[in-house]
Amino acid sequence: MPAARSLDGLDTTTYEGAAGLIFGAADHGGQGGHLPPTQHNVELVSKLEVNTPNFAPGALPSQIADLTVHKNTAYLNSWAERGDAAACARTGFFAVDISDPSKPRQIAYRASMPSNRYGEGAHAITFPDGRDILAVNNEFCTTNGTPPETGGGGFALYDVTDPSNPTKLVDAAGDYGPPGELVCCDADAPGAEDETAHQYHSVFMWRDDGRVYLIGVDNDEQAQTDIDIFDITDPSAPKAVREYDLDAEFPVRDGEEDGLGDNVFSHDMVVKEIDGVQTLLAAYWDGGYVLANIEDPADATYIGDTRFDNTDPLTKFTPPEGNAHQAEFSHDNEYVLAADEDFDAFRFLGRVNPAAASPFDFRQVGVTVTSAGSPTGPQVGVERALTGDTRYVGNACTAASIAPATPGVTIAIVNPLGCAFRAKTNNAEARGYQGVIIFAASNAETSNASFLCDAITNLSGYDDYAGNAVTLWVTRETGFEMMGLGDGFRCGSTNPTPTPTAPIEGVPVDIGAKFDGWGYAHLYRAGSGKLNEVGTPYAIPEGISEQYATDYGDVSIHEFAADPDVNLAYASYYSGGLRVVSFGDAGIQETGRYIDAAGSNIWGVEQFTSGGQRLIAASDRDFGLYIFRYTGPVPPPKPQAGTPPAATPPGGTPVGARPDRTDPLISLLSNRRQSLRTLRTTGLRFRVRVNETARVEVGLRGRFTSTLKRGARGKVQVLKQNGAVRVAAGQTVTVTVRPSAALRRKLAKERRLPGLLSVKAVDAAGNDATRTKVLTFR
């Protein structure tokens, strides 16, 4: 059977058949704890917890998925990781007004189709006709894990020109055909096979020559034709363009260069016009990252790709983990920023004769599963290893035929034929063995392809197994190595090595798990052919420390958002929070970070500009929207050819810093009623906060009326604060404006005073802003 996967929500099984190791569910979701809070060069502008209409306020754990930002709105997908009715009822997307980044407001919610959910796919652009269109992906969300009988899958398109009133244009559009045939876009289309479209894990749109295209990741054709492209110029009537298997069409796998697990399939992608060419950048999991020319979406051509070969430079394991998850081009297209997602901080390691000068290593096993294919029974993992001497005991179909375990020899090697796997385990355990290793057969013994030579198969029939023995399946070659018979071993149709006669004393084995870190990032120099990595991979310290391997959530990178002007990028790191990095010829360096005091679980990240400021939007899976501002050092922009670098004036802005053209944001925080009596005695008191360090000046302009001639206009009097106040970024200060003695005497004659409060802030760059508020004193 194909190796089972547990990757980023595509398949929420709880094991990796290729590694045969149980470490818990490896999908999006924390493990209960979180990392300690931290903050460096990142300022929290605001945060907003989303509310699903008709449900209790707040977000469920792991409810929120990806986000996209378009114009003044952030769109957050509601993914609902839990597969129960309560969670699946909350699936859809939220629209949040971020026109004032300090005060985000939820302005709309749209539910997904029943039994569907929106996850990794969220993207909004403006179409040639001026409409703003949001694309979201559909994956199934059902309580029993089965697809809905009808309706769903594919992708949905919404008109969000009015973001407070999103209008659905099409839903469940996608591929309804068999593998290798793109059938668009409903169950009634010629050639359609199913009542539901194939599930799509991610979607992305781009414009070219007046047309609009959408590319999607087809879960149901994973590792086959899993990239689908549609023409959505008319978003109400998508048309099929073509589907691709880049692994088959391009030289993605030339040689031994795949990551651990050897799972090569499309996961995520972006399209960017570079030098007039629409360029696809696709994450291809253990196959690396792939660049393709899709100027003609129906005829993509290879540009280049990356590899996962040799020894991992950070963990020193061979091969590297792999898991190419998402990537972005740098602002100038010179680099590729790549995020390798990894939810398992340990890897399976099998070693035969570990004390030998050249031990035999293997990393693929089958595990015991229920009849439905779910892992069950004791498993090798973090808490339990199989270590010790071995003995070959034959087919183990009767307990009497098995030589009993002896001190130090408690692992039985077993032939696969003759009886059920469960019976073999029961019999070996009855004779004192704590581990059972079943090896594949030769083609002279069986015609069952699942049992032959180098096949890896999971061992079914263990639904109600209550014993304590660990049972594994290994290749025939590995089994012979364990019996000490590896020399001259042959496994093929010509003269295969026959199965020996039991009993045979084998050699020691060490089968268990080692910490190999969480997912991290790479920087590649963009180009053609095999791309070169720049520097060493970037990992947050917590991601390569075994201290944080369990009980601190998922410490893996998820995705990048590249700054559009300079060599900065913003990364979502699940429980590792938000990370800001600079990059260049020396590689990647962290320059900013933020983990909330209550812990973080950040999935999506996007940069956007508001009021001339670069801001960062992030989706926290357990909460909603966060908005950040990066306050750290900024790399210099790339100089134009022939232009000497600018010198830094004494006391001036550092070279390369983004010019500050942004006016300060002022918040008036007092809602207390103001009275004439208070104004006369103690003055006007209120609180003010500014988003950046600034000099603040305050005044109150009041028009006084004559008490002798009711209604007559009087003189405008200005009350000024005594000097300016210096306010640090984000600091809240209380300001008091006090009237003079002469003014207090005038105020004594007034019964009503209309006034205009004026607050002016001037930042270090000379940008100024004024906030006013009408007050009436009685």
Side-chain angles (χ1 to χ4, degrees), residues 6-8 14-16 19 21-42 61-62 259-261 311-323 325 339-349 351 363 379-385 387 510-522 535-559 571-581 587-603 618 620-623:
S6 204
L7 307 171
D8 198 22
T14 57
Y15 69 106
E16 296 181 0
L21 199 57
I22 302 298
F23 293 126
D27 47 17
H28 284 146
Q31 298 176 15
H34 57 80
L35 293 174
T38 183
Q39 184 174 2
H40 176 66
N41 288 340
V42 173
S62 301
L260 179 71
T311 300
D312 188 295
L314 289 184
T315 67
K316 309 305 179 184
F317 282 109
T318 301
E321 186 73 30
N323 298 10
H325 175 269
D340 296 350
E341 182 182 53
D342 178 19
F343 289 111
D344 197 340
F346 298 86
R347 72 167 57 193
F348 168 83
L349 286 177
R351 175 159 286 187
R363 58 185 177 90
Q379 304 284 343
V380 167
V382 179
E383 302 298 332
R384 182 168 181 178
T387 304
D510 185 358
I511 305 172
K514 299 273 187 189
F515 174 76
D516 70 348
W518 298 88
Y520 44 75
H522 305 266
T536 57
Y538 157 73
I540 63 175
E542 302 92 331
I544 52 176
S545 170
E546 192 167 356
Q547 174 185 352
Y548 301 105
T550 57
D551 300 326
Y552 290 92
D554 298 313
V555 195
S556 173
I557 193 171
H558 187 236
E559 59 185 44
S572 55
Y573 246 92
Y574 290 111
S575 65
L578 175 80
R579 304 290 165 139
V580 182
V581 301
I588 298 176
Q589 179 180 3
E590 180 179 303
T591 57
R593 62 183 179 273
Y594 182 94
I595 299 177
D596 196 87
S600 294
N601 193 4
I602 295 180
W603 178 315
D620 187 288
R621 304 195 57 216
D622 309 321
F623 184 82

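The residues of the chain are indexed from 1 along the displayed sequence. Please read all numbers here as calculations on a predicted model, not as lab measurements.
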- Grab the two heavy atoms, one from A597 and one from P37, that are nearest each other, plus how far apart they are. CA-CB, 3.6 Å
- Backbone N or O of K316 within a donor-acceptor pair of the T311 side chain at under 3.5 Å? no
- With L35 as reference, evaluate Y574, Y573, Y552 under the side chain to side chain contact (heavy atoms under 4.5 Å, CB included) test and give the passing residue. Y552
- Task: Mind checking the NE2-NE2 spacing from H325 to H558? Nearest 0.5 Å is all I need.
- Result: 3.5 Å
- Message: E546: which residues meet the side chain to side chain contact (heavy atoms under 4.5 Å, CB included) condition with it, sequence neighbours left out?
- Response: F346, F515, A549
- Item | Sub-4.5 Å side-chain heavy-atom contact between V580 and N41 | no
- Would you confirm whether S572, through its side chain, and W603, through its main-chain N or O, come within 3.5 Å as a donor-acceptor pair? yes
- What is the distance from atom CD1 of I511 to atom CZ of R363, rounded to the nearest 0.5 Å? 15.5 Å
- Output all residues satisfying ring pair (Phe, Tyr, Trp, His ring centres under 6.0 Å) with F623, sequence neighbours left out; order by chain, then residue number. Y626
- Can you tell me how far the OG atom of S62 sits from the CG atom of D622, to the nearest 0.5 Å? 5.0 Å
- Query: Between P319 and G259, which heavy-atom pair has the shortest distance, and what is it?
  - Reply: CG-C, 4.3 Å
- Item | For S545, side-chain hydrogen bond (donor to acceptor under 3.5 Å, both in side chains) partners two or more places apart | none
- Output all residues satisfying side-chain hydrogen bond (donor to acceptor under 3.5 Å, both in side chains) with D620, sequence neighbours left out; order by chain, then residue number. none
- Does T536 have any side chain to side chain contact (heavy atoms under 4.5 Å, CB included) partners at least two apart in sequence or in another chain, and if so, which? none
- Heavy atoms only: give me the nearest S556-D342 pair and the separation to one decimal. OG-N, 2.9 Å
- CG (N323) and CH2 (W518) are apart, to the nearest 0.5 Å, by 12.0 Å
- Message: Return the CZ to CD1 distance between R621 and I602, rounded to the nearest 0.5 Å.
- Response: 12.0 Å
- Message: Using only atom types and a distance under 3.5 Å, with no angle test, would you say the side chain of H34 pairs donor to acceptor with the backbone of G553?
- Response: no
- Task: For Q379 and R384, work out which heavy atoms get closest and say how close.
- Result: O-CB, 4.0 Å
- Item | Residues which pass salt bridge (Lys or Arg N to Asp or Glu O under 4.0 Å) with D510, listed by chain and number, not counting sequence neighbours | none
- Could I get the full list of salt bridge (Lys or Arg N to Asp or Glu O under 4.0 Å) partners for R351, not counting sequence neighbours? D361
- Message: Using the rule given for side-chain contact (heavy atoms from CB on, under 4.5 Å), can you reason through L349 versus F317, listing the C-alpha separation, both sets of side-chain angles and the distance that settles it, and then say yes or no?
- Response: CA-CA 10 Å; L349 286 177; F317 282 109; 3.8 Å; yes
- The salt bridge (Lys or Arg N to Asp or Glu O under 4.0 Å) partners of D516 (sequence neighbours excluded) come to R347
- Message: Once side chain to side chain contact (heavy atoms under 4.5 Å, CB included) is applied, do any residues pair with A521, and if so which ones, sequence neighbours excluded?
- Response: Y538, I557, F560, I588
- Which heavy atom of I540 sits nearest a heavy atom of G576, and at what distance? CD1-CA, 4.1 Å
- Task: Quick one: list whatever passes side chain to side chain contact (heavy atoms under 4.5 Å, CB included) with T38, sequence neighbours left out.
- Result: R593, I595
- Note on the structure: G577 and S600 have their tightest heavy-atom pair at CA-CB, 3.8 Å
- Is a side-chain donor or acceptor of D596 paired with a backbone partner of A598 at a separation under 3.5 angstrom? yes
- Item | E321 side, atom CD; D312 side, atom CG - distance, nearest 0.5 Å | 8.5 Å
